[in-house]
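Following: one structure in structure tokens, then a few remarks.
So that the names make sense, note that chain A is the first sequence line, chain B the second, and so on, each numbered from 1.
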Protein chains: 2
Amino acid sequence: MSKYYDDKDRFLVAMDCIIFGFSEGELSLLLIKRKIEPAKGQWSLMGGFLRENESIDEGAKRVLNELTGLENVYMEQVRTFGEVERDPGERVLSVAYYSLVKIEESDQERLVDHNAYWIKINELPELIFDHGQMVELAKDVMRQKASTEPIGFNLLPDLFTLTQLQSLYEAIYGTVLDKRNFRKRVAEMDYIVKTDKIDKTGSKRGASLYKFNDRIYQKHPIFKL
Amino acid sequence: MSKYYDDKDRFLVAMDCIIFGFSEGELSLLLIKRKIEPAKGQWSLMGGFLRENESIDEGAKRVLNELTGLENVYMEQVRTFGEVERDPGERVLSVAYYSLVKIEESDQERLVDHNAYWIKINELPELIFDHGQMVELAKDVMRQKASTEPIGFNLLPDLFTLTQLQSLYEAIYGTVLDKRNFRKRVAEMDYIVKTDKIDKTGSKRGASLYKFNDRIYQKHPIFKL
DNA sequence: TCAAAAGTGTTAAGTTTACACCCATGA
DNA sequence: TCATGGGTGTAAACTTAACACTTTTGA
């Protein structure tokens, strides 16, 4: 099998997932209270080991799917963590991925099985190993990406109000945005399309529901929020 | 040794280096014309395999040092490439790093030993495997970083003229910049310090030499070019 | 009828861009 | 003396930020 590289070291490779969700005006992460060694009882990211027959992107998707049951989720690699002693049990490289999911769509039973909970991003517990570092980096990378590409819609229902959209971006940036300026910019993006549906759950008056149209976006892929 | 992870697959892990240099107003990459299999005779990035006793950052530095003899070089991880068939010989994950070096400082003999050449970035040959993709991504990541953090100075001599600095950023962005606007912005960065030295090699009149003062930068780490 | 969220334009401030000439020197 | 790169300021265009009131409706 190995033609050229027989004498080289080989490594365990894990994928760890920073899973973002959005609800009640706040970003959350899906975290695991570990039921097994090592680090039993402590909080960690969902992770899993890479297999021979899959790419690391596929591996990350498999790990995410195992926990949430979700397919076709937005995922992006953050980077690989490779300190020698990062896992005290044994040397493991870990490729960190972040993903954006709609909280309501994840499979509740699987979350229970894995002892997983949505934790608000401003109330994160201490995490094992270097998972805290992974989360910090993932937040930076996600924020940067979300400001220039329309990935935020992955965190919202297919139909959303402008108030929800603004609240999402306020959570991502950690700032308060001006409603009129925000809506002015949204109005310039013709791929954020107003539907004739009204959401009555958020207010008595009701708010128009919008959707993101990727086909239109692809024609003029300019985004800035 | 392995306490928990006995049944998991293990992988060869390489570090591949996208090595940027700057001369004559152009960015170049240090590329290898391979003398060994696989892909003998083709162009590739400098790479090497990760060892048990080193972190991936250390591994990348070792690989860069082996080729150039340089230490303390600016390096940043780009991301990990992990398609199953990316190396047709055998499955290998590769962590791509880019580095910024001063061309004159690299050890000429080592370059010859490795069959390495500086190739202008607009004249790159086809590269093996997914190295072309790595280069494209590294360019994006480097450009982005160079626009918001003062890493470009790693490509210039310690003393440089404003014309050289402008020419560097023109090469990084692939655009022409306005001389007066450029100098206005440089003047606002008090960590780009004018020395009393004059460079006479670039013009008859002579141009003031400047240096980057990291101590001052750290006090107000704001950079934008 | 009133509380609560939805919706809507204008102006000032700040930032970015465009642009042209004189200077110093060595050949 | 002249060709070459070094060095300098201002005004217009554009972008961003600040700001407050009216509408609708269910309780």
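First and last contacting nucleotides of DNA chain C toward chain B (any atom under 4.0 angstrom from a heavy atom, 5' to 3' order): dT17(C) to dG26(C). Bracketed by its first and final contacts, the part of DNA chain D lying under 4.0 Å from non-hydrogen atoms of chain A reaches from dA17(D) to dG26(D) in 5' to 3' order.
Closest of all the heavy-atom pairs between G21(B) and I103(B) is CA-CG1, 3.7 Å. The two atoms that bring M46(A) and I32(A) nearest to each other are SD-CD1, 3.7 Å, heavy atoms only. Listed here is the closest heavy atom pair of S55(A) and L50(A): O-CD1, 3.7 Å. The minimum heavy-atom distance between L70(B) and V101(B), with the atom names listed, is CD1-CB, 3.8 Å.
Overall bending of the helix from dT1(C)-dA27(D) to dA27(C)-dT1(D), expressed as the angle between end axes built from five pairs apiece, is 0° (10° steps).
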Item to check | side-chain hydrogen bond (donor to acceptor under 3.5 Å, both in side chains) between D199(B) and T161(B), worked out | outcome: CA-CA 7 Å; D199(B) 171 84; T161(B) 67; 5.7 Å; no
Next on the checklist: Working note: K139(A) + E136(A), criterion salt bridge (charged side-chain N to carboxylate O under 4.0 Å, His left out); need CA distance, chi angles, decisive distance, verdict.
Outcome noted: CA-CA 5 Å; K139(A) 280 164 64 179; E136(A) 285 312 306; 3.6 Å; yes
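Every residue two or more places apart in sequence or in another chain that forms a side-chain hydrogen bond (donor to acceptor under 3.5 Å, both in side chains) with K184(B) is listed here: N181(B). F223(B) meets the ring-ring contact (aromatic ring centres under 6.0 Å, His included) test with no other residue; sequence neighbours excluded. Residues satisfying the ring-ring contact (aromatic ring centres under 6.0 Å, His included) criterion with F129(A), sequence neighbours excluded, are H131(A). Residues meeting the ring-ring contact (aromatic ring centres under 6.0 Å, His included) test with Y169(B), sequence neighbours left out: Y173(B).
Counting only residues at least two apart or on different chains, the ring pair (Phe, Tyr, Trp, His ring centres under 6.0 Å) pairs with a member in residues 106-127 of chain A are W43(A)-Y117(A). Applying the side chain to side chain donor-acceptor pair (under 3.5 Å) test to pairs two or more places apart or on separate chains, those with a residue in residues 100-109 of chain B are D107(B)-R110(B).
With ring centers used as reference points, F160(A) lies 6.0 Å or more from F212(A).
The stretch residues 189-210 of chain A comes close to DNA chain D through K200(A), K204(A), R205(A), each having a heavy atom under 4.0 Å from the strand. Applying a 4.0 Å cut-off to non-hydrogen atoms, the residues of residues 159-178 of chain B that approach DNA chain D are T163(B), listed by residue number. Listed in residue order, the members of residues 179-188 of chain A having a heavy atom less than 4.0 Å from DNA chain D are R180(A), N181(A), K184(A).
One side chain, Q218(B) or D214(B), offers a donor N or O that lies under 3.5 Å from an acceptor on the other.
For the atom pair CG of L225(B) and CZ of R185(B), the computed distance is 6.0 Å after rounding to the nearest 0.5 Å.
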